[in-house]
Amino acid sequence: MIKHSLITALLCLLAAPAFAQTTIIHAGKMIDVESGKVLQDQYIFVEDGVITNIGTKADVKAAKKDSAVKFIDLSKMTVLPGLSDSHVHLTSDGKTHGYKTLGVSLPRATINGVMNAEKTLMAGFTSVRNLGAPGFADIALMNAVDDGDVIGPRIIPAGRSLGITGGHCDSNLLPHKYKDKAGGGADGPWGVRTKVRENNKYGAKVIKFCGTGGVLSTGTKIGAQQYSFVEMKAIVDEAALLGLKVAVHAHGEDGINTAIRAGVDSVEHASFISDAGIKAAKERGTYLSMDIYVSDYILSEGEEAGILEESLAKERTVGKKQRERFQAAVRSGVNIAYGTDAGVYPHGLNARQLSYMVKWGMRPVQAVQTATIGNATLFGMQDKTGSISVGKFADIIAVDGDPLADIKELEDVDFVMKGGVVYKD
Ligand code: ARG
């Protein structure tokens with residue numbers, strides 16, 4: 001409560017959105033994610049939430065004559081664009097898995113979403129794709145954030161994840177007499193088209209479907225393809241008619257290859273992607289969103305959180321292999337997104353995966369690029385966010401150390417601005 005009123009007071013002080021005030025940020029060092037270079041002493045001009053100029057000392061002098069100008073001194077810090085996560089589940093948390101999830105009502109999940117949205121933003125993540133939520137809760141969350149009622153990142157919500165009957169995106173915990181069925185369940189080309197249309201009707205901004213079994217679902221095989229090519233193609237075609245991109249959950253080779261051929265925009269997990277799969281993704285510009293941190297959490301904290309032995313056993317076969325395939329993907333130069341599956345582990349720790357990406361073959365600046373301009377491009381938002389450039393939203397973060405020397409600096413973000421509003425200082 002106290003924290004909330006403090007934040008509200010801060011926002012009122014700092015945001016002042018009612019009139020076009022200019023804010024100038026003095027960035028001691030700024031990571032230009034487009035060139036991959038670090039620039040010294042940049043002056044970022046922000047007006048109405050948008051970057052209007054990246055100026056010189058002379059511009060600052062001229063602006064100083066206007067007493068309404070507000071200065072933010074980050075001269076001792078490294079400034080970079082707000083980070084982005086292409087795969088989160090804001091309505092879930094890391095401590096509720098397996099049968100424990102049955103005790104979480106939709107309203108409770110939504111409240112979790114409110115809390116997790118704030119944690120995510122405070123960790124420096126100014127945009128996220130929410131790849132699946134019950135009851136369109138993520139769409140309500142997006143609206144609440146956009147309306148300024150909830151503190152959180154920009155949210156691109158998927159609504160309900162599409163999945164085959166009994167597949168990874170269905171609810172398989174209970175016996176038949178309970179008639180439990182996930183909201184996104186759909187079979188056949190027309191069944192999936194209807195589901196895509198429904199998601200669109202209720203406000204989804206991306207379509208997510210499950211193209212193979214998964215680790216955390218009961219009774220599914222990670223290697224087994226789910227949906228035929230015809231169904232996957234129907235999902236992608238229908239989404240295209242509605243102007244929506246498509247993300248597929250896929251661990252096994254066959255599901256991955258078929259989904260890439262059907263034209264998905266990103267493959268989530270991609271754990272067992274083959275060389276041929278990487279090649280196909282590269283040719284088509286498909287992004288790989290490989291969550292190479294979460295395995296450590298699942299195997300150390302998972303049991304306590306309720307993850308079933310069946311799932312732990314599956315995870316033991318995935319973690320290392322996925323990291324090796326990530327390394328192969330990095331070497332190939334295929335598009336890589338920054339997706340973590342936060343929600344399986346606690347929100348706000350989204351940056352933990354960065355050091356894993358560096359350990360498994362990326363230069364620090366490359367890892368930062370996946371989580372900024374890379375994701376923005378995957379989201380189709382590269383004109384609005386993803387770099388500190390004139391005309392884009394002022395989604396800007398800063399840390400006191402040098403993240404390109406030690407990527408873990410980004411696990412402790414000191415300054416967060418989203419759309420010109422300071423949320424953490
Ligand atoms: N949601 C995913 C699933 O259940 C999590 C996979 C996590 N494991 C991993 N190594 N990335 O399949």
Side-chain angles (χ1 to χ4, degrees), residues 4 6-34 39 41-56 59-60 62-75 77-85 117-128 141-156 368 371-373 375-376 379 381-399 410 413-425:
H4 259 98
L6 257 178
I7 287 169
T8 314
L10 251 180
L11 292 186
C12 295
L13 272 175
L14 297 172
F19 53 97
Q21 189 198 35
T22 303
T23 300
I24 303 175
I25 300 172
H26 178 189
K29 286 183 183 169
M30 184 182 103
I31 304 179
D32 175 9
V33 294
E34 317 234 29
L39 309 175
D41 288 311
Q42 300 292 300
Y43 297 90
I44 308 161
F45 288 59
V46 177
E47 229 171 275
D48 279 335
V50 173
I51 299 165
T52 52
N53 187 18
I54 298 176
T56 60
D59 296 324
V60 176
K64 261 191 179 154
K65 293 194 184 109
D66 182 347
S67 59
V69 171
K70 187 179 140 34
F71 286 89
I72 298 178
D73 180 6
L74 302 179
S75 58
M77 311 195 63
T78 304
V79 175
L80 62 158
L83 300 173
S84 163
D85 194 329
E118 182 170 341
K119 284 183 194 161
T120 303
L121 182 62
M122 293 308 168
F125 283 74
T126 52
S127 71
V128 299
L141 209 51
M142 167 191 72
N143 291 332
V145 170
D146 290 350
D147 290 347
D149 295 330
V150 164
I151 293 170
R154 301 178 194 285
I155 299 172
I156 295 110
V368 170
T372 51
I373 191 65
N375 272 11
F379 299 176
M381 289 173 69
Q382 69 277 17
D383 296 339
K384 294 214 151 47
T385 180
S387 65
I388 299 178
S389 314
V390 172
K392 293 197 184 184
F393 291 132
D395 294 351
I396 294 169
I397 64 169
V399 289
L410 292 172
V413 168
D414 301 295
F415 172 89
V416 179
M417 170 185 272
K418 188 193 90 179
V421 178
V422 178
Y423 290 89
K424 188 178 191 181
D425 197 355

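Bear in mind the structure is a predicted one, so any value in this text is a computation, not a measurement.
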Inset, instruction - Go through Thr23 and Val422 one step at a time and tell me if the side-chain contact (heavy atoms from CB on, under 4.5 Å) criterion holds. - result: CA-CA 11 Å; Thr23 300; Val422 178; over 6 Å; no

Could I get the full list of side-chain contact (heavy atoms from CB on, under 4.5 Å) partners for [X], not counting sequence neighbours?
{"X": "Pro81", "answer": "Val33, Thr372, Ile388"}
{"X": "Thr22", "answer": "Ile24, Phe45, Glu47, Val69"}
{"X": "Ala394", "answer": "Val46, Ile51, Ile396, Met417"}

What's the spacing between [X] [atom1] and [Y] [atom2] if we round to 0.5 Å?
{"X": "Gln42", "Y": "Asn53", "atom1": "CD", "atom2": "CG", "value": "10.5 Å"}
{"X": "Ile44", "Y": "Ser389", "atom1": "CD1", "atom2": "OG", "value": "10.0 Å"}
{"X": "Met30", "Y": "Thr78", "atom1": "CE", "atom2": "OG1", "value": "11.5 Å"}
{"X": "Phe379", "Y": "Ile156", "atom1": "CZ", "atom2": "CD1", "value": "4.5 Å"}
{"X": "Met381", "Y": "Ile373", "atom1": "CE", "atom2": "CD1", "value": "11.0 Å"}
{"X": "Met77", "Y": "Ile25", "atom1": "CE", "atom2": "CD1", "value": "11.5 Å"}

Inset, instruction - Keeping the roles fixed (side chain from Glu118, backbone from Ile151), state whether a donor-acceptor pair exists under 3.5 Å. - result: no

Inset, instruction - Using atom types as modelled and distance alone, determine if a side-chain donor or acceptor of Asp147 lies under 3.5 Å from a backbone N or O of Ala144. - result: no

Inset, instruction - Mind checking ring-ring contact (aromatic ring centres under 6.0 Å, His included) for Tyr43 and listing every partner two or more places apart, or none if nothing turns up? - result: His26

Inset, instruction - Using salt bridge (charged side-chain N to carboxylate O under 4.0 Å, His left out) as the criterion, list what pairs up with Asp395, not counting sequence neighbours. - result: Arg154

Run the side-chain hydrogen bond (donor to acceptor under 3.5 Å, both in side chains) test against [X] and tell me which residues pass, sequence neighbours left out.
{"X": "Lys29", "answer": "none"}
{"X": "Asp414", "answer": "none"}
{"X": "Thr120", "answer": "none"}
{"X": "Asp73", "answer": "Ser75"}

Inset, instruction - Check the pair Val79 / Ile397 against side-chain contact (heavy atoms from CB on, under 4.5 Å), numbers first and verdict last. - result: CA-CA 6 Å; Val79 175; Ile397 64 169; over 6 Å; no

Mind listing the closest non-hydrogen atom pair of [X] and [Y] along with its distance?
{"X": "Pro153", "Y": "Val128", "answer": "CG-CG2, 3.9 Å"}
{"X": "Lys392", "Y": "Ser387", "answer": "NZ-OG, 2.7 Å"}
{"X": "Lys424", "Y": "Met122", "answer": "NZ-O, 3.0 Å"}
{"X": "Val413", "Y": "Ala398", "answer": "CG1-O, 3.8 Å"}

Legend entry - Any Val368 side-chain heavy atom under 4.5 Å of Leu410 side chain: yes

Inset, instruction - Please lay out, stage by stage, how Ile72 and Phe415 fare under the test side-chain contact (heavy atoms from CB on, under 4.5 Å). - result: CA-CA 10 Å; Ile72 298 178; Phe415 172 89; 3.9 Å; yes

